[in-house]
Colleague: 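Below you will find the structure I want to go over with you.
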Amino acid sequence: MNVAVAKTGNGRAVSDLFASAEGRLPGSPSVIAVRREAFETYERLGLPHRRIEEWKYTDLRALVGEVLPLAAAPDAAALKRAAEAVKAHAIAGARKLVLVDGVFAADLSDVKALASEAGFKTSRETLEKDAGLLKTASTDAVIALNAALATDGVVLSIADGVQLSAPIQIIHIATASSASAFSRSQVAIGKGVRATIIESFVAAGAEAYQVNDAVIVSVGDNADVAHIRLLDDAPDAVNVTSQFVTVGANTKLNFFNMTTGAAVSRLQGFITLAGEGSELSVNGVNLLQKTEHGDTTLVVDHAVPNCVSREVFRAVIDDRAHSVFQGRIIVRPDAQKTDGKMMTRALLLSDEAEADNKPELEIFADDVSCGHGATAGALDDSLLFYLKARGLPEKQAQALLIQAFVGEAIEQIADDGLREHVIGIAERWLERRQ
Amino acid sequence: MALLEVKDLKVRVEEREILHGLTLTVNEGEVHAIMGPNGSGKSTLSHVIAGKPGYEVTDGQILFKGEDLLEMDPNERAAKGVFLAFQYPVEIPGVATMTFLRTALNAQRKARGESEYSTPDFLRKVREVSKSLNIPQDMLKRGVNVGFSGGEKKRNEVLQMALFEPSLCILDEMDSGLDIDALRIAADGVNALRSPKRAMVVITHYQRLLNYIVPDVVHVMSKGRVVKSGGKELALELEASGYAQFEDAA
Ligand SMILES: Nc1ncnc2c1ncn2[C@@H]1O[C@H](COP(=O)(O)OP(=O)(O)O)[C@@H](O)[C@H]1O
Ligand SMILES: [Mg+2]
């Protein structure tokens, strides 16, 4: 009898991935059983491909091929490189929580400073006893794989009424080349909280690595939260991140993502507005070049009445890069007076650049105001000429217009310092083009 | 000394010849007016001098300070001292006027191997010039020309001229869309920049502007050629008799 063994591109059996990782995964036998089940789901589905509707534009089988083995725990040299990267990418004044190759690095983190304002545990500690962190409202192959292999992450809880005196910055650092890091974090934000959470993804000398991250966020009523994610991974890296966000009543949540790195990236966000009177603002910028592929896929679920959601996306696509934006707005039957809009614009800097935009409105209530708009085009020649006639070389003229273009999304960041920081990252991306 | 020499210039746009052998010499310190009916090729000439893409030069040459201008990119021309005040300045949303001015000035200085302006020096200079042109400071914080009135756009062009200190200023229909007060402010700004080292080419359809910016030489353009040149009295003559006589001559 022949038993087909699923093989990866290099002939490694897919099941080896789990077997070789198992010893490094935290969890009691019952937690490991949950992981094994998740891995079986992944084995059954395999990497998502173009015939799976949600992954139509991001065929991971074609783009990535195989999942690399789990990165070894970082050694002293790796931690030293990571420390340098922390210095380079830390946001002034923020309290840092650092994950190196998916493993929490206490020595690089500000756990003590954080303790007065937020509860903190590692995901590793949490998962030793309880598999709750591994469960999410929806799942697919990459989410299942994350549940199976997540080694660590941060579990934060911010109690009711707390006004964070400084932002919290979760920094993911890759030090291991040709290896995978799986992390899973949870951020529970109480009622009336004011908080800024930043996530950064960077490399410290690593190449061709893969990141699979999952984040579970809950925001209580009457809160005011800014959540900023900055993906600046190595140019040949892969980053697939799934976010699950639940928003309470009368809350303001302002999310911003900027992608300036990774050969292949996908941010899939599943956001549920579960309390009335909330305002959700989701904004993003993709700056892509060479053959980079950047996908932002969002599902905004208006489960209750009287919420506002706004999505503003800007993609700047050079060379043969490919930007994908998929935005679905669901308005449940009860969610009357929903006001949901998304607007995406793509700037194509080369003839071979590609932008795919897939908006979907699923509206089951009758008294709502929902809409979407999309444009794609090149830089305006008459504006370019005006700038050149004033002395700006071509690339510099382009840079000024590109900054203005992405500025429409970046200006949604309320904090001056953070906005300047993000503009700085965009400027450095533009300088690399010159 | 000849600053600008346009020799027998022939230019095509989309397979159609617009300039049919145009010759023009402008010396340092001189102010030349180019007058002519709509469609005679005045803007085309100014665009070709500034280096706007889309124009095919099939014959002739343009020398600036003795160098072949047609070999240079528009930004190189700007750094060498060519400035075109546009007939229709574009709006650039999201690029603050102040950022634009500083970036442009420093790009030109860098191209000439000069040091960048320090921020206080730059701000002092902008403040000084914008005050003389009646440009409020809050206008400089807005996007380039965004929401500016016609008069404000033209004053913004003159502001740039004053800031960049070019040796050749070409003003394309600076008077179009301006009321008499706005015209006077803009013209005063231009007159303040007249100097023995700087030349100006004032393109206009109407004689009116030349009451405020008095030229040394007046050229009449018709159907892609300079058909007559003379002193400032030629402008008055045209005002009285119109362009019809030259249309036939061309
Ligand atoms: N981009 C263009 N494409 C086609 N024809 C043009 C273009 N620009 C100018 N022309 C033509 O060239 C001629 C001269 O135009 P222009 O230089 O704008 O004249 P003026 O500034 O003297 O009014 C006109 O007949 C105009 O229609
Ligand atoms: Mg014209």
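Labels below follow one simple rule: chain letters A, B, ... track the order of the sequence lines, proteins then strands, and each chain is numbered from 1. Below, each value reflects all heavy atoms present in this structure, side chains not excepted, and no hydrogens, waters or symmetry copies. From a predicted model like this one, the values you see are computed outputs, not experimental measurements.
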Colleague: So what's closer than 4.5 Å to chain A heavy atoms on B:Pro166: side chain, backbone, both or neither?
Modeller: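 It is neither, since no heavy atom gets under 4.5 Å.
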Colleague: Nearest 0.5 Å, what's the CZ-CD1 distance between A:Phe201 and A:Ile171?
Modeller: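 Output value for this atom pair is 11.5 Å.
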Colleague: Mind checking the CZ-CG spacing from A:Phe256 to A:Leu230? Nearest 0.5 Å is all I need.
Modeller: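 Result: 7.0 Å between the selected atoms.
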Colleague: Do you know the tightest heavy-atom contact between B:Leu193 and B:Val158?
Modeller: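 Answer, listing the atom of B:Leu193 first, then B:Val158: CD1-O, 4.5 Å.
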Colleague: Which heavy-atom pair separates A:Ala262 from A:Leu231 by the least distance, and what is that distance?
Modeller: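 Minimum heavy-atom contact is CB-CD2, 3.9 Å.
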Colleague: Answer with side chain, backbone, both or neither: which region of B:Ala50 has an atom nearer than 4.5 Å to a non-hydrogen atom of chain A?
Modeller: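 Contact with chain A: backbone and side chain both.
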Colleague: Would you compute the distance between atom CG of B:Leu159 and atom CD1 of B:Ile135 and round it to the nearest 0.5 angstrom?
Modeller: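 Going from CG on B:Leu159 over to CD1 on B:Ile135, the span is 4.5 Å.
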Colleague: Enumerate, by atom name, each donor-acceptor pair separated by under 3.5 Å where one atom lies in chain B and the other in chain A.
Modeller:
unit_1, atom_1, unit_2, atom_2, d
B:Asn75, N, A:Lys388, O, 3.3
B:Leu84, O, A:Arg390, NH1, 2.9
B:Leu84, O, A:Arg390, NH2, 2.7
B:Gln108, NE2, A:Arg390, O, 3.0
B:Glu157, OE1, A:Arg390, NH2, 2.7
B:Glu157, OE2, A:Tyr386, OH, 2.4
B:Gln160, OE1, A:Arg390, NE, 2.5
B:Gln160, NE2, A:Tyr386, OH, 3.0

Colleague: Any idea which heavy atoms bring B:Val57 and B:Leu9 closest together, and the distance?
Modeller: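 Scanning both residues, the minimum pair turns out to be CG1-CD1, 3.7 Å.
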Colleague: Indicate the atoms forming the closest heavy-atom contact of B:Ile213 with B:Met174, along with that distance.
Modeller: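 Shortest heavy-atom separation between B:Ile213 and B:Met174 comes out as CD1-CE, 4.1 Å.
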